[in-house]
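Below is one structure, written out as structure tokens; the observations come after it.
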Amino acid sequence: MSMNFLINAAIPSPLYFSQQLNTTNRKPIRAPLRCSTNNGEVNDLSTIPSQIELGAQDNTGVSKEEFRSSSIEREMKNNDIWRLFKEAQRNILYLNKQRLDAVEELNKTNREKQLLLEKIEQLEVEKQAGLGKGMINSGEASNLRKLVFDYKVSVADLFADILPEGDADLLAELRRFGSGSKKNGFHIIHICTEMDPLVSIGSLASYVTGLSGSWEQWELGIPGNKETTLKIVLKHLRFHGSMYACMNLDGVQGLREIKVECYSYFNGQLHANKIWIGVVSGIGVTFIQPLHYSSFFNRESVYGYSDDFERFTYFSRASLDYIVKSRKQPDVLHIHNWETAIVGPLFWDIFVKQGLEGTRILLSCHNLNSLCLEHPDKLALCGLDPARLHRPDRLQDNTKTHLVNILKGGVVYSNKVVIVSSMHSKSRIIRSLSHGLESTLAIHQDKLLVAPCGFDSSTWDPSNDKFLTENYCAEDMKGKTVCKVTLQQQLGLSKDASTIVVGCIFSDVSEVFLENLKAVVRGANVRGIQFVFTGTNKLPSASRALVSFQEELKDGIVIFVDSYDDALLHLIFSGSDIILCHSFHDPVLQVALKALKYGAAPIAVTSSDIEFRHFAEFDHESTRFSRFISSTFGNISLSQALEEIKNNPLSWKRKIKDAMLQDFSWDADCNDIHISAYTAIKNL
């Protein structure tokens with residue numbers, strides 16, 4: 001599909017109407033046809049009877065077959081001319097409609113500016129009358145009026161979500177606007193398929209939400225559920241996305257539809273979408289509801305369908321169409337995994353010249369093993385040119401060269417690429433964990449960054465954890481002793497603060513997990529040790545699978561908790577001395593990170609962590625978390641940890657205190673790495 005067909009998605013283009021005319025069933029138009037004879041006379045063929053008797057030759061020397069062929073050909077040409085004339089008329093009408101719409105939009109913008117000016121005047125009057133605490137003075141009001149007059153974008157796009165709020169919220173937004181924060185700060189739009197707590201399948205949900213808590217000017221995007229595509233817009237944060245049937249909308253407050261035309265291009269046509277806004281946990285949310293392709297997101301699961309490429313390509317294209325329609329000019333479009341990686345080629349091939357010249361692309365990858373290989377022709381669904389992109393230096397897969405690799409396209413067409421991994425360095429990822437993208441990552445390694453996972457320190461902090469019997473911190477650990485006794489009492493264990501408690505938190509119980517668990521425990525002196533096992537969700541098979549594990553712990557005391565309890569999970573972290581975790585790189589559960597924060601030593605049971613952890617201390621490209629783990633708990637076994645607790649308690653306590661003082665939340669390294677990435681992109 002030519003780029004010429006992809007103009008502003010707000011109103012169907014004239015070329016779109018032309019395409020429709022070409023594909024609809026129409027009766028041919030019988031326009032008058034005239035042809036000249038040999039002697040220069042003109043015959044009006046439209047007056048020739050339908051049944052005429054001609055000999056083998058007519059008086060011009062033309063055979064009957066030649067005459068008929070010539071007549072049909074001329075009639076077809078004249079039909080084409082008449083059709084083109086009608087299309088030209090339609091296009092003229094369309095252009096006139098665009099002109100009228102543009103005039104209406106200008107009038108609407110002027111009305112919006114006038115309303116905002118009146119609001120500024122009201123706040124100024126209240127300040128002068130002493131009625132409004134914290135309102136604006138005359139000088140500030142004058143500056144704001146000038147900014148409103150000079151601003152080139154619709155004011156409604158900036159303040160639509162805040163206008164229904166109180167004067168204080170509006171004033172805060174006005175002051176940010178007036179101070180130039182929207183010009184000088186980062187304006188980030190995330191286009192992604194998950195966000196916690198609306199839809200949380202893997203590590204992406206907590207990553208997006210965790211990062212958003214560190215920024216004041218974020219816009220983000222998600223696909224959602226129940227026939228809707230989601231866009232979240234906070235006072236400080238915005239999302240674009242689709243809605244899935246499995247999405248939890250209970251927490252969306254004030255959900256309402258806004259009246260705006262929003263069309264998105266897909267499969268040769270423009271399709272209308274509805275726009276909804278609301279608030280989730282203080283964050284403004286916007287939902288883009290596809291009307292024609294509602295079945296794409298009205299499903300029970302987020303991933304795993306044969307048309308996933310079509311679903312997420314529609315969402316990615318719709319997000320870009322809406323961004324252009326709303327005239328936003330973000331510094332960075334932050335896209336995630338293969339599901340929205342197609343935004344990269346779409347942006348540079350189609351959208352960059354539609355008011356987004358100052359925007360750049362950042363891709364984050366949580367799983368390089370998920371690539372999405374498709375036939376090149378499918379790229380045309382969203383308006384891309386397959387021939388242009390099916391090349392080795394663009395989207396062509398490195399191994400299956402007859403296919404395109406969507407994640408590879410995201411890497412190639414992004415200005416920066418962040419690979420989310422807590423334990424592995426960039427060089428190791430390129431060399432050993434690239435899943436067929438080694439040559440692509442090597443070519444683009446200068447724009448690659450590695451960021452660790454984080455955790456929500458507002459929820460997981462023993463100093464203010466609402467689930468704990470008594471709070472504590474690194475400087476005052478008395479509360480941890482109280483929590484251990486509470487845990488023992490709640491689970492029916494003997495209450496003894498000096499008894500070592502080993503917790504184990506898992507998301508599944510596979511044979512591999514059990515074998516790794518046995519390997520960690522085997523050889524350790526577990527006599528008198530209290531073990532507490534629990535899952536992060538109800539696993540009916542967990543108890544049966546772990547029964548065989550009791551033989552390995554016959555000298556220990558074992559408790560299996562076969563039902564998930566959020567309060568109990570917090571208590572296990574706080575009451576345990578050691579936490580056995582599936583892996584140090586745990587982007588979903590973040591067990592190791594939480595264990596460190598709660599004063600418990602994380603011991604990984606995954607063999608791959610044991611294999612890689614020894615290299616992290618000497619790799620300058622590894623994350624701070626990886627280097628810390630390698631120098632502390634990463635190189636000790638369960639047996640060694642138990643021995644150190646018993647024989648070297650003071651040294652152990654110092655090690656635990658140091659671990660608690662470390663900050664591995666989303667606000668720390670992960671946030672810093674993204675700031676450097678955004679800064680580098682903005683300076684391009």
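Just so it is clear, the model here is predicted, and its values are computed rather than measured.
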Does any N or O in the side chain of [X] come within less than 3.5 Å of the main-chain N or O of [Y], such that one atom is a donor and the other an acceptor?
X    : Y    : value
S630 : S626 : no
N415 : L362 : no
T209 : S206 : no
S414 : V411 : no
N398 : G436 : yes
N471 : P462 : yes
K594 : L589 : yes
D476 : Y472 : no
S576 : I579 : no
S432 : I429 : no

Exercise: identify the closest heavy-atom pair between [X] and [Y]:
X    : Y    : answer
R431 : E438 : O-OE1, 4.0 Å
A474 : M477 : O-CG, 3.9 Å
L363 : A341 : CD1-CB, 4.5 Å
H674 : A451 : CE1-CB, 4.0 Å
L596 : A659 : CD2-CB, 3.8 Å
S622 : S425 : N-CB, 4.0 Å

Validation row: [X], [Y] side chains within 4.5 angstrom (heavy atoms):
X    : Y    : answer
L379 : T313 : no
T359 : I323 : no
L441 : V417 : no
I419 : L433 : no
W666 : Y207 : yes
K682 : V332 : no
D586 : F455 : no
N405 : K400 : no

Do we see a donor-acceptor contact under 3.5 Å between the side chains of Y303 and E194?
yes
If only side-chain N and O atoms count, and only distance matters, is there a donor-acceptor pair under 3.5 Å linking H366 with N337?
no
Any chance you could measure [X], atom [atom1], to [Y], atom [atom2], to the nearest 0.5 Å?
X    : Y    : atom1 : atom2 : value
S439 : K408 : OG    : NZ    : 6.0 Å
H570 : D465 : NE2   : CG    : 5.0 Å
I191 : I361 : CD1   : CD1   : 7.5 Å
L371 : I406 : CG    : CD1   : 10.0 Å
D331 : R360 : CG    : CZ    : 10.0 Å
L211 : S364 : CG    : OG    : 8.5 Å

According to the interplanar angle, ranging from 0 to 90°, do the rings of Y314 and F297 count as parallel (below 30°), tilted (30 to 60°) or perpendicular (above 60°)?
tilted
For the residue pair H334 and H336, categorise the inter-ring angle as parallel (less than 30°), tilted (30 to 60°) or perpendicular (more than 60°).
parallel
Set of residues satisfying side chain to side chain contact (heavy atoms under 4.5 Å, CB included) with respect to S422, sequence neighbours excluded
P452, C453, H585, F625
List the steps and the verdict of side chain to side chain contact (heavy atoms under 4.5 Å, CB included) for W338 and D308.
CA-CA 10 Å; W338 79 258; D308 276 357; 3.9 Å; yes
Stepwise, does the side chain to side chain contact (heavy atoms under 4.5 Å, CB included) test hold for I603 with S637?
CA-CA 7 Å; I603 303 294; S637 64; over 6 Å; no
So, are R317 and D321 salt-bridged, with charged N and O less than 4.0 Å apart?
yes
Carboxylate-amine/guanidinium contact K655 D658, below 4.0 Å
no
Residues 447-457 vs side chain to side chain donor-acceptor pair (under 3.5 Å), sequence neighbours excluded, gives H444-K447, D456-S458, D456-T459
If you look only at pairs with a residue in residues 410-422, which of them pass as a salt bridge (Lys or Arg N to Asp or Glu O under 4.0 Å), with sequence neighbours excluded?
none
Under the side chain to side chain contact (heavy atoms under 4.5 Å, CB included) rule, what do L389 and D349 come out as? Steps first, then yes or no, please.
CA-CA 10 Å; L389 298 176; D349 281 10; 3.7 Å; yes
Evaluate the side chain to side chain contact (heavy atoms under 4.5 Å, CB included) criterion for residues F315 and I342: first the C-alpha distance (whole Å), next the side-chain angles of each, then the deciding distance (0.1 Å), finally the verdict.
CA-CA 10 Å; F315 161 62; I342 199 70; over 6 Å; no
